[in-house]
2 protein chains.
Amino acid sequence: MVTLAEVAQHAGVSASTVSYVLSGKRSISGATRQRVEESIRELGYHPNAGARALASSKSNIIALMIPLRTDMYVPVMMEIAIAVATTARTHGYDVLLLTGEEGPDAVRRVTGSGLADAMIVMDVELHDERLPLLRDTDQPSVLIGLPADTSGLTCVDLDFRATGALCVEHLAMLGHRDIAVIGEAPAVYERHTGFAERTLDGLRSRAGELGVRLLHRPCDGGYDAMAVTLARVLDERPTTTGFVVQNESAVEPLLALLRQQGRAVPEDVSVVAICPDQVAVQASVRLTSVAIPAQEMGRHAVARLVAKLDGREGDEVVLIAPELTVRASTGPAPTVA
Amino acid sequence: MVTLAEVAQHAGVSASTVSYVLSGKRSISGATRQRVEESIRELGYHPNAGARALASSKSNIIALMIPLRTDMYVPVMMEIAIAVATTARTHGYDVLLLTGEEGPDAVRRVTGSGLADAMIVMDVELHDERLPLLRDTDQPSVLIGLPADTSGLTCVDLDFRATGALCVEHLAMLGHRDIAVIGEAPAVYERHTGFAERTLDGLRSRAGELGVRLLHRPCDGGYDAMAVTLARVLDERPTTTGFVVQNESAVEPLLALLRQQGRAVPEDVSVVAICPDQVAVQASVRLTSVAIPAQEMGRHAVARLVAKLDGREGDEVVLIAPELTVRASTGPAPTVA
DNA sequence: AGTCTCTGTCGAAGCGCTTCGACAACCTAT
DNA sequence: ATAGGTTGTCGAAGCGCTTCGACAGAGACT
């Protein structure tokens, strides 16, 4: 294993000079810099991470807490994680993967041990146990998701309220007057995951303003659950012509069921999904959808975090504006015979 | 920030004693141990990760390289990643998330800097550039997936050859004589990702033995791609009554298309999927499938890696035996009229 | 009583790096 | 020519921990 000292010796300079070449924190003459850089290359030197962390009290690692559950939103989580990892690298950080399993203890452990310099927390609940810890510590953190009280926190999320409103608007504009909302799994609401409630909020308030009737039903993913839910919805409100689907694993089942019942999409029934674009274009009907900008959220979170680490920024809530893309699953409401 | 020295002072012992209490590497009297442990709790001490890594030259971090692409197998990847992270924690390790983006350089960086003690590599190609590096370094590593040459490497994977064979056997046993294989996206084969080719191998050789005709077609995910592929298959071999689907994002589209064409599953056509159980049970027809044991693979990989770190084990290839679960998507081949 | 072996504890030496203050050497403006 | 400012480099002091050798004291054996 090659050390700084060996590089220094090889280049005929002192260790501190090599360090300054590496960090750029003091000016170094061109000649010296070149000599050092060449020695580094020649010897295949890699700075020791532990020593660096110890001496500088910075690990250059960002912790990413992902949910343990793989029951919802998996592609979105994955995409965010990957975006976080790659973006972090461009800023010189690596990413430590923490699952929610340890809960708040993970926060203590990581901040206490200096394992990571900062933290990104996903799948935030409205009253998350981790929040007090994050507020207390002086380690910067960014939440992906929005808790009830955002004071003293930096959050990045899709504006789900606006997302809900946008979906209703689109359907209302097309003349739909009875809209069913196929929501996330009941467990998601029970956990008080913010985004689900905020979407609903946006849906309801805009529906109220536009005089549209709304029927919201949580729904587990999969074909069977969707079948039950759909039957109930149509039983309760046979005049339903518009659907907003938030649970991406309910989308394809819904389309299959509608088809099976002889209801044509979009002639008889319109469907708006809230899902990643990839899902929307791969469905059996190309779906009009509001995209979940997973990559953007991941990139944003890292950008904020790095800004905070550099002392460039304070707390802030960033809500990404939703965008609705019209595809083949929505059309004018059928005129009543 | 609380240090070892402060804990030592608080407990009235030397620093080394505290260290030995923590590591258990020397015997400590019960009384002393208790006193130290109490001081630790009272002061809220967390050992500094950097200092530890420097002094012991072990970081207690496992690097996990995941593929950058989110175009295939996302849930499987995610499940593996989560299983790796949680299993690693039970062994006292944290997980560093690396995307394939940096390529072989990531291997150099991580092993060179001592950032991680060991490495798990996913999405291994048959002739992966990272393999020589992994063989050369003295850092233990485990591959999830199987390259062409496994010498000097530890690998964990589902036995995809046996998986392919199993699928054919099941269909053959039910009387199917013409089987179509809906494979992964063409890009997957072009990359020479091992599992896809090994599956095919298993399918073909067993088909040969059993006198079954096989037609293999790669297929991108999604409805449109599946529609094209299906049309071609049925055009070329109208007598096809069995399908083996490896691309999970082609499963639901295939079922929808078959339904649409009036082909009943499993009365007219049988479908076997190679996919996680969750996908199989959530589909519109409960799918007979060979499960991809993502969690098991993740856990296994960590277990092997930890064993190697402890010097308990050498290189080895672990192939997990496939299990086929019969559900509602397969049945006897229709008798020709 | 003396020797030997454990057991439990301590002190000190680093691990490889960053960073601070010091200081030559040079330049610029008086 | 001199004071003052830059610029480039060095030496040394840690960062907080692990680990090795040393050693006092207790117990077991002759």
Side-chain angles (χ1 to χ4, degrees), chain A residues 1-37 39-40 43-61 92 94 109-117 309, chain B residues 1-37 39-40 43-61 92 94 109-117 309:
Chain A
M1 204 201 161
V2 189
T3 68
L4 228 213
E6 290 169 339
V7 173
Q9 194 175 1
H10 187 271
V13 298
S14 75
S16 47
T17 301
V18 177
S19 178
Y20 286 124
V21 167
L22 250 30
S23 69
K25 290 190 180 170
R26 284 203 183 172
S27 54
I28 297 285
S29 70
T32 306
R33 154 169 290 115
Q34 281 196 359
R35 210 141 29 87
V36 169
E37 280 170 352
S39 293
I40 289 176
L43 300 178
Y45 168 70
H46 285 272
N48 179 291
R52 231 173 202 195
L54 177 56
S56 65
S57 22
K58 300 198 310 164
S59 63
N60 284 300
I61 289 180
D94 271 296
R109 192 169 61 84
V110 168
T111 60
S113 67
L115 228 190
D117 296 332
L309 281 165
Chain B
M1 206 201 160
V2 189
T3 68
L4 227 213
E6 289 168 342
V7 173
Q9 195 175 2
H10 185 270
V13 298
S14 75
S16 47
T17 301
V18 177
S19 177
Y20 287 124
V21 168
L22 251 30
S23 69
K25 292 191 179 170
R26 284 202 183 173
S27 55
I28 296 285
S29 70
T32 306
R33 156 170 288 116
Q34 281 195 1
R35 210 141 31 86
V36 169
E37 280 170 353
S39 293
I40 288 176
L43 300 178
Y45 168 71
H46 284 273
N48 179 290
R52 242 180 189 186
L54 177 57
S56 66
S57 20
K58 300 198 310 162
S59 62
N60 284 300
I61 290 181
D94 272 295
R109 193 168 61 83
V110 169
T111 60
S113 67
L115 227 189
D117 295 333
L309 281 165

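Letters A, B, ... are given to chains in the order of the sequence lines, protein chains preceding strands, and every chain is numbered from 1. Values reported hereafter were calculated over all heavy atoms of this structure, with side chains retained and with hydrogens, waters and symmetry mates removed.
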>> Counting C-beta onward and ignoring hydrogens, is there a side-chain heavy-atom pair between B:I61 and A:L115 closer than 4.5 Å?
In response: yes
> Can you tell if the side chain of A:N48 reaches within under 4.5 Å of the side chain of A:M1, non-hydrogen atoms only?
Replying inline: yes
Whether the side chain of [X] engages the backbone of [Y] through a donor-acceptor N/O pair (distance < 3.5 Å, no angle test) should be reported.
X	Y	result
A:Q34	A:A31	no
A:S19	A:A15	no
A:S59	A:A53	no

To the nearest Å, give me how far apart [atom1] ([X]) and [atom2] ([N]) are.
X	N	atom1	atom2	result
A:N48	D:dC17	CG	P	16 Å
B:R52	D:dC15	CZ	C1'	16 Å
B:L115	C:dC15	CG	P	20 Å
B:L54	C:dG14	CG	C1'	9 Å
A:D117	D:dC15	CG	P	19 Å
A:H46	C:dG16	NE2	P	16 Å
A:R35	D:dG8	CZ	P	14 Å
B:I40	D:dC17	CD1	P	10 Å

Minimum heavy-atom separation for [X] and [Y], please, with both atom names.
X	Y	result
B:L22	B:P47	CD2-CG, 4.4 Å
B:G92	B:N60	O-CB, 3.8 Å
A:E6	A:L43	O-CD1, 4.0 Å
B:Y45	B:L4	CE1-N, 3.5 Å

>> Give the residues of residues 10-22 of chain B touching DNA chain D, defined as any heavy atom closer than 4.0 Å, sorted by residue number.
In response: B:S16, B:S19, B:Y20
> Going by number, which of residues 25-33 of chain B have a non-hydrogen atom under 4.0 Å from DNA chain D?
Replying inline: B:K25, B:R26
